[in-house]
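Please read the structure below before turning to the comments.
Because the structure is predicted, anything quoted here is derived from the model rather than measured. Numbers here are sequence positions counted from 1.
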Amino acid sequence: MKRVFIPQDVAIEGKKYLTERGYEIKMGNGTTEADLIRDVADCDAILLRTAKITRKVLEAGKNLKIVARHGAGYDNVDLQAASELRIYVTNTPDATTNSVAEFTLGAIIAVTKRTFLMNRALLDGNFSYRNSHKGIDLQGRTLAIIGFGRIGRCVARKAHFGLEMNIIAYTPHNTPENNTHDNIPDYVKSVSWEEALSTADVVSLHMPANESNMGCFGAKEFAMMKNTAFFVNCARGELVKEHELAKAIESGEIAGAFVDVYSPEPPEADNPLLKLKNVSATPHIASNTEECMALMAVQAASQIHKVLSGEKPDWLVNNVS
């Protein structure tokens with residue numbers, strides 16, 4: 001019987017998918033490298049959430065054929081090592097799209113209406129705080145989407161048709177001169193990096209974390225933004241220089257931020273973003289819905305079944321020759 005290693009628990013639907021197809025499930029006993037090396041030794045597949053899969057872990061899996069990432073991101077897997085060892089790495093690229101887009105819309109509303117700030121003031125007994133800290137209406141405002149992939153496109157559609165916002169987008173794979181590339185819809189204007197940051201009322205980040213864009217948002221970028229603009233990051237914490245974002249908010253260079261992701265995670269206790277009034281902070285929960293967790297688990301499990309049945313996976317993210 002083939003064995004699937006699950007380092008961190010997933011929705012019952014994913015485990016049921018595997019057991020119904022004859023696989024044995026092995027739950028993990030920890031997520032340190034040593035834990036993973038020990039537990040993966042006799043397994044044919046890994047159904048992975050956030051544990052870090054290093055070269056040593058992959059090498060310890062002598063029977064390992066696939067690491068199926070439970071989610072869209074895969075920066076916690078050593079892709080080069082996996083390719084060299086001929087181990088498939090897959091993700092679930094569309095499972096999180098709607099859930100994260102809905103959450104992002106809520107984040108945009110929360111930070112611009114200052115609901116979290118008002119909630120804290122009310123709990124402190126300061127009902128009149130609302131008189132000096134007004135929110136803004138979003139109708140007719142400009143939303144810049146940085147990274148126009150599946151989630152970015154979904155956010156654009158919901159924000160334009162639901163909130164009547166003007167949408168501009170920046171993606172490295174598109175240029176203002178080629179506004180039809182990458183299926184840019186007619187209600188979205190493709191713009192340069194500089195124009196996106198300097199003209200938006202809300203900047204929402206939707207780029208993956210990779211070597212080319214780690215720390216791509218820092219003091220220089222926040223200085224480009226309007227001092228009335230808000231910043232939203234529901235993508236990856238590694239994209240943002242957090243101390244520089246905090247300084248931009250403290251100095252009034254930008255109006256505030258909504259942050260759902262951090263570097264590292266969980267965030268350090270002294271992370272300045274957790275102490276600022278004009279920052280709404282949540283613990284990486286954009287995709288944390290019943291529906292999304294079930295879909296990610298089942299889609300990841302389906303890739304394991306394909307590979308262990310001798311088929312090619314649908315959502316391969318590395319090169320396996």
Side-chain angles (χ1 to χ4, degrees), residues 73 96-123 129-130 133-139 141-147 151-152 154-156 158-160 162-163 165 167-170 196-197 200-207 209 216-218 221-222 224-263 265-268 271-289 292:
T96 63
T97 299
N98 185 70
S99 298
V100 175
E102 284 187 0
F103 185 89
T104 301
L105 219 63
I108 292 168
I109 293 171
V111 72
T112 57
K113 303 294 185 182
R114 301 179 181 271
T115 54
F116 283 68
L117 182 61
M118 297 302 167
N119 175 254
R120 286 197 293 263
L122 182 61
L123 294 178
Y129 191 75
R130 63 190 186 128
H133 292 77
K134 294 180 174 61
I136 63 169
D137 285 339
L138 293 169
Q139 183 183 43
R141 299 279 185 169
T142 298
L143 169 64
I145 295 179
I146 310 299
I151 295 172
C154 192
V155 172
K158 293 177 184 294
H160 178 71
L163 298 175
M165 297 188 76
I167 311 297
I168 59 177
Y170 168 80
L197 300 183
D201 298 297
V202 180
V203 173
S204 187
L205 190 52
H206 298 285
M207 300 173 75
C216 63
F217 263 84
E221 287 69 35
F222 297 120
M224 293 183 193
M225 293 171 59
K226 298 190 292 189
N227 59 15
T228 55
F230 295 88
F231 180 73
V232 175
N233 185 13
C234 299
R236 283 290 186 268
E238 294 83 357
L239 300 173
V240 178
K241 296 173 182 175
E242 293 175 329
H243 283 78
E244 294 180 15
L245 170 57
K247 286 181 180 178
I249 295 168
E250 283 181 303
S251 67
E253 202 161 39
I254 66 173
F258 189 108
V259 181
D260 185 51
V261 288
Y262 311 87
S263 180
E265 289 189 352
E268 303 287 353
N271 187 315
L273 296 176
L274 303 181
K275 299 176 172 63
L276 294 177
K277 288 184 177 180
N278 286 344
V279 175
S280 298
T282 49
H284 200 155
I285 58 170
S287 62
N288 192 27
T289 68
C292 186

For Lys226 against Ala200, the heavy-atom pair lying closest together: CE-O, 3.3 Å
Side chains of Leu273 and Pro267 in contact at under 4.5 Å (non-hydrogen atoms): no
Flag side-chain contact, heavy atom, 4.5 Å: Arg141 against Val202: no
Test item: Phe116 and Val279 side chains (from C-beta on) under 4.5 Å apart, heavy atoms: no
Enumerate, atom names and distances included, each donor-acceptor pair closer than 3.5 Å involving a side-chain atom of residues 100-112, sequence neighbours excluded.
from   : atom 1 : to     : atom 2 : distance (Å)
Glu102 : OE2    : Asn98  : ND2    : 3.1
Thr104 : OG1    : Val100 : O      : 2.8
Thr112 : OG1    : Ile108 : O      : 2.7
Thr112 : OG1    : Ile109 : O      : 3.3

Close side-chain approach of Asn227 and Glu253, heavy atoms under 4.5 Å: no
Note, Phe217 side chain near Leu239 side chain (heavy atom, < 4.5 Å): no
Validation row: Tyr262, His284 side chains within 4.5 angstrom (heavy atoms): no
Closest approach of Ser99 to Thr289 (non-hydrogen atoms, all atoms of both residues): OG-OG1, 3.4 Å
Side chain Asn233, main chain Val259, donor-acceptor under 3.5 Å: no
Side chain proximity check, Leu205 to Phe231, heavy atoms < 4.5 angstrom: yes
Backbone of Gly237 reached by a side-chain donor or acceptor of Glu242 within 3.5 Å: no
Asn278 side chain near Arg114 side chain, heavy-atom distance below 4.5 Å: yes
Residue among Ile136, Ile249, Leu143 satisfying side chain to side chain contact (heavy atoms under 4.5 Å, CB included) with Phe230: Ile136
Under the side chain to side chain donor-acceptor pair (under 3.5 Å) test, residues paired with Thr97 that sit two or more places apart: Asp94
